[in-house]
Amino acid sequence: MSTADWHPDGFSVQQIVTNNTRLAVAVGGSGPVLVLLHGWPQTSRAWARVMPALAQNHTVVVPDLRGTGDSDRPERGYAKTNQADDIRGILTALNLTGPVAVAGHDIGSMVAFAWAAAHPEDISHLILVDAPLPGLDLEEVMNVAEGGMWHFGFFMTPRIPEMLFDGHELEFFTATFTAMSTPGTFSDHDLATYARAYTGRERLRGGFEHYRTLLDDGRENRALLAERKLPMPVLAIGSTRSGTSTAQALAHHADSVRGALAPTGHFVAEEDPDWFIKTVTAFLT
């Protein structure tokens, strides 16, 4: 079941085998490389509204993360540093050299951050969009004893989330996307498309695997940051839901951090693509 009927004109899709898995990636445009990493429960389609404009001045590389979309769903390998190696392998296969800019949203932000921490020489600019980061502020955000978000711990639990969401994907996605975004952002078609991408226990499992490594991701990030700060410029984009907490958490771990507050809910690039394009373009130039 392919989910790849949405790609903007000028983008081609390739299947690349790297790091012991097969990954689907859309590529378009020309110029310096900009990698876009989506979050959960989405696919690379999350960037569709900003890809054409960004491709005017960049070679834009937009993969489905392992476990999602048209990429494979291996049993293992969801540590964020390992997923960074997925993306590094994609760039090698495409003969694209760095350093490159990377923007990540939600889970994709965590992958981008781990990539920058583990391989800072790869990254020219780091853009983190509305996500707490393992090892910095995520652990506090997901502490339900202090009023934190419940879903992180639940999604980490083996097998149970797949069992409970199976058959209720559209219902859950509709409730989640609606609660976390500006009204009117997502059409019924959008919601149905995302729900199909995660329908069935195996597709659900591929998504939840991203959560099941988060505690280890935090420990790994802390060890990497103890060795060195992030040397590249960092743009941390918050939303009306999250504020600027991630930029504040990063302040002691990067040489240059800029915070920006999007006038949106969680899905910044889809809720206000013009704001996202303008903000990212200004940061990159």
Side-chain angles (χ1 to χ4, degrees), residues 37-42 46 65 78-84 102-118 120 123 126-158 160-161 172 175-177 179-181 207-269 271:
L37 303 177
H38 68 86
W40 185 93
Q42 297 190 279
L65 298 178
Y78 294 85
K80 304 306 172 287
T81 49
N82 190 63
Q83 292 195 67
V102 58
H105 172 243
D106 191 85
I107 292 290
S109 182
M110 301 177 191
V111 176
F113 178 68
W115 184 8
I123 308 299
L126 175 63
I127 303 165
L128 306 171
V129 186
D130 208 43
L133 299 172
L136 270 71
D137 55 342
L138 173 65
E139 288 76 6
E140 180 179 356
V141 168
M142 69 184 199
N143 182 3
V144 293
E146 298 292 336
M149 297 180 180
W150 62 272
H151 69 282
F152 288 100
F154 177 55
F155 294 166
M156 288 180 190
T157 307
I160 301 300
F172 174 70
T176 300
F177 280 69
M180 299 176 69
S181 64
F208 294 135
E209 293 291 356
H210 292 275
Y211 288 83
R212 291 167 182 161
T213 63
L214 288 179
L215 296 180
D216 288 337
D217 294 332
R219 286 186 281 268
E220 191 166 11
N221 284 345
R222 284 191 292 272
L224 290 167
L225 293 173
E227 297 176 5
R228 61 191 169 218
K229 288 185 175 184
L230 299 179
M232 73 290 296
V234 181
L235 174 63
I237 297 175
S239 70
T240 56
R241 300 178 66 257
S242 64
T244 59
S245 58
T246 298
Q248 295 168 15
L250 279 167
H252 299 294
H253 301 288
D255 291 335
S256 175
V257 180
R258 182 184 309 175
L261 190 63
T264 67
H266 179 57
F267 302 97
V268 179
E271 294 180 56

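Only heavy atoms go into these numbers, but all of them, side chains included; no hydrogens, no water, no symmetry mates. Given the structure is predicted, the values throughout are model-derived calculations rather than measurements.
The aromatic rings of His266 and His105 sit tilted, their planes meeting at an angle between 30° and 60°. Using cut-offs of 30° and 60° for the angle between ring planes, the Phe172 and Trp40 rings count as tilted. Using the six-membered ring where Trp is involved, Phe152 and Tyr211 have ring planes that are tilted, between 30° and 60° apart.
Proximity of a side-chain donor or acceptor of Glu220 to a complementary backbone N or O of Asp216 within less than 3.5 Å is not detected. A side-chain donor-acceptor contact under 3.5 Å links Asn143 to the backbone of Ala145. At least one donor-acceptor pair closer than 3.5 Å links the side chain of Thr246 to the backbone N or O of Ala131. Here the side chain of Ser181 pairs a donor or acceptor atom with the backbone of Phe177 at under 3.5 angstrom. Remark: the backbone N or O of Leu133 is paired with a side-chain donor or acceptor of Asp137 at under 3.5 angstrom. The backbone N or O of Lys80 sits less than 3.5 Å from a side-chain atom of Asp217, completing a donor-acceptor pair. Arg219 places no side-chain N or O within 3.5 Å of a backbone atom of Gly135 that could act as its donor or acceptor partner.
Using a 4.5 Å cut-off on side-chain heavy atoms (C-beta onward), Val102 and Leu126 make contact. Met110 has its side chain within reach of Leu214: a pair of non-hydrogen atoms, C-beta onward, lies under 4.5 Å apart. When side chains are defined from C-beta on, His253 counts as touching Leu136, because their heavy atoms get closer than 4.5 Å.
Listed here is the closest heavy atom pair of Ile237 and Ala262: CG2-CB, 4.1 Å.
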